[in-house]
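These numbers come from the heavy atoms of this one structure, side chains and all, not from hydrogens, waters or symmetry mates. So that the names make sense, note that chain A is the first sequence line, chain B the second, and so on, each numbered from 1.
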Amino acid sequence: MAVKTLKIDDQLLSARGEETILEAAAASGIHIPTLCYLQGVASWGACRLCLIEVEGSSKLLPACVTPVAEGMVVQTQTERLNNYRRMIVELLFAEGNHICAVCVSNNHCELQDLAIEMGIDHVRFAYQFPDRSVDISHSQFGVDHNRCVLCTRCIRVCDEIEGAHTWDMAGRGRTSHVITDLNQPWGEATSCTSCGKCVNACPTGSIFRRGSTVAEMEHHRAQLEFISTARTKREWVQQ
Amino acid sequence: MTKLKLATVWLGGCSGCHMSFLDLDEWLFELAQQVDLVYSPFMDAKQYPQGVDVALVEGAVANTDHLEMIRKVRDRTHYLIAFGDCAITGNVTALRNVSATVEAVLQRSYIDVADLFPQLPAAEGIVPPLLDRVQPVHAIIPVDLYLPGCPPSASRIRFALEALLRGDRPQLEGHDLLKFG
Ligand code: SF4
Ligand code: SF4
Ligand code: SF4
Ligand code: FES
């Protein structure tokens, strides 16, 4: 497809026509915060952290699903955007039960990192303290819904890369939650191959390897990236 | 020059933030030359005094004593710091807010899992009743600075206090100075 020329944060750059603004920005070293985006699987546009301003559009657009266009002028770091991003992250903290001090993912968590990036020193919204469950019926993995940010990354890797489609989303609004198979305990979900891809895809401490204690759970993103790019890069053995 | 009047307050927390304060080690000597400690669990002062310049408040607001205390501290303090995650988010202290009523929490802690002498703590005027919901400090009164961490490291505490002693507002940024947990 034709090459498009556009401006992101006053930087003139060219991108392939099918690229998204997020990809074009990343290729030029421009950082846009993301949470639900995961390289190698379809983009979802769920979290809205990657919102950007495009000249001539009154709406804010999610960079991870917006294709580049010729002559586009994009701003990624305005005060308005940073305010919204900070608000989104604060709302995620208020909506679940995030006790970082006792979390398996403490120090290795994308939500925590986003809070640091946004300069969040406290949450202005009332904590909801929802009553959510933990499922440790699977022999190797567990899911703690208290820490789930509903990014659907687990759903997408399991469906698109592993081909099992064990995960899905159920409920609406504040009762939304991820389920395994037909809302069965994960350990009884017969479609699950125990491949661990969802464990590595989860940005938070929600999906974890059983037996990990505070701050021990690290997601192996490199392994996931290897699996999703192996064919295009023709790398058949992981380095 | 008059010294800065410093207080530290302990609400619903594990005292870990105060322990971390003690981890300031020899810098505490330097601090002692620049401030007057006027109220703290580290010293013997019964009443929270008037005219405090800076207060570090550890812990969430979990019972009626905390509620009374935090209002008094706000009234009498120029610059109030929410000190540590329990003060800022409710943290572990607020775990009980998830589904459990006060009665259920007490029943579970003092009766169901008690090995010896199951009994609810009760002594009017001595044991303060628990509030229905544990709240972070800023949900009750305005806060001037948030110093997160569970506990905030000694270097983070020092960074904030040094800025205040210079008369600057501490700029807490990045992993070392800002992270929850
Ligand atoms: S998932 Fe992340 S933000 Fe939530 S408690 Fe764990 S470390 Fe903190
Ligand atoms: S372990 Fe693999 S198959 Fe099982 S739910 Fe996770 S991604 Fe799907
Ligand atoms: S379990 Fe993890 S990967 Fe799945 S939706 Fe929740 S936060 Fe995202
Ligand atoms: S990263 Fe674009 S909407 Fe989540």
Side-chain angles (χ1 to χ4, degrees), chain A residues 31 33 82 86 89-134 144-149 174-175 177 204-206 208 212-218, chain B residues 13-14 16-17 20 57 60-61 80-101 104-105 132-153 156 159-160 169-181:
Chain A
H31 168 74
N82 289 332
R86 181 182 167 138
V89 176
E90 285 183 46
L91 284 167
L92 288 171
F93 273 96
E95 178 187 55
N97 294 309
H98 294 274
I99 320 285
C100 298
V102 292
C103 177
V104 284
S105 279
N106 192 8
N107 296 328
H108 315 286
C109 171
E110 291 183 33
L111 183 61
Q112 207 177 33
D113 291 344
L114 281 167
I116 297 167
E117 186 181 339
M118 309 292 141
I120 294 175
D121 56 0
H122 75 293
V123 170
R124 291 163 294 177
F125 308 104
Y127 286 99
Q128 300 299 299
F129 300 109
D131 189 3
R132 297 188 186 170
S133 61
V134 179
D144 183 342
H145 295 278
N146 292 287
R147 304 171 185 142
C148 176
V149 292
R174 68 196 304 271
T175 65
H177 58 286
T204 69
S206 185
F208 54 91
S212 8
T213 178
V214 174
E216 276 186 2
M217 179 60 217
E218 287 186 55
Chain B
C14 71
C17 299
S20 194
V57 179
V61 180
L80 190 152
I81 304 175
F83 180 32
D85 282 0
C86 291
I88 299 172
T89 75
N91 204 27
V92 175
T93 313
L95 271 175
R96 73 162 162 97
N97 288 1
V98 179
S99 79
T101 60
V105 168
D132 281 347
R133 281 215 145 189
V134 177
Q135 301 266 34
V137 167
H138 70 270
I140 312 286
I141 47 102
V143 164
D144 300 301
L145 181 76
Y146 299 85
L147 195 57
C150 183
S153 64
R156 206 179 280 185
F159 179 90
R169 184 181 164 80
Q171 295 297 330
L172 300 168
E173 279 167 13
H175 188 275
D176 288 343
L177 293 174
L178 197 56
K179 192 180 74 71
F180 291 129

Exercise. Atom NE2 in B/His175, atom CG in A/Asp113: separation rounded to 0.5 Å?
Worked result: 6.5 Å
For this session: Quick one: sort the A/Phe93 and B/Phe180 rings into parallel, tilted or perpendicular, breaks at 30° and 60°.
Result: perpendicular
Exercise. Which atoms of B/Ala94 come close to chain A, meaning under 4.5 Å heavy atom to heavy atom: side chain ones, backbone ones, both, or neither?
Worked result: both
Exercise. For the atom pair CG (B/Leu172) and CD1 (A/Ile116), what is the distance rounded to the nearest 0.5 Å?
Worked result: 12.0 Å
For this session: Examine whether an atom of B/Pro136 lies under 4.5 Å from a heavy atom of chain A, and if so say whether it belongs to the side chain, the backbone or both; otherwise answer neither.
Result: side chain
Problem set entry | Sole residue of B/Asp85, B/Thr93, B/Asn91 in side chain to side chain contact (heavy atoms under 4.5 Å, CB included) with A/Ile99 | B/Asn91
Problem set entry | Residue among A/Asn106, A/Asn107, A/Asp121, A/Asn97 with most heavy-atom pairs under 4.5 Å to chain B | A/Asp121
Seminar exercise, completed: Applying a strict 4.5 Å limit to non-hydrogen atoms, the region of B/His138 in contact with chain A is side chain
Problem set entry | Structural part of B/Leu147 lying under 4.5 Å from a heavy atom of chain A | neither
For this session: Indicate the atoms forming the closest heavy-atom contact of A/Cys100 with B/Gly181, along with that distance.
Result: CB-CA, 3.6 Å
Seminar exercise, completed: Note: vs chain B, highest number of non-hydrogen pairs under 4.5 angstrom among A/Val102, A/Asp131, A/Val123 is A/Asp131
Seminar exercise, completed: Whatever's closer than 4.5 Å to a heavy atom in chain B on A/Gln128 counts as backbone
Exercise. Atom CD of A/Glu117 and atom CG of B/Leu178: how far apart are they, to the nearest 0.5 Å?
Worked result: 11.5 Å
Exercise. Out of B/Leu95, B/Asn97, B/Leu145, B/Val143, which one racks up the most heavy-atom pairs below 4.5 Å with chain A?
Worked result: B/Asn97
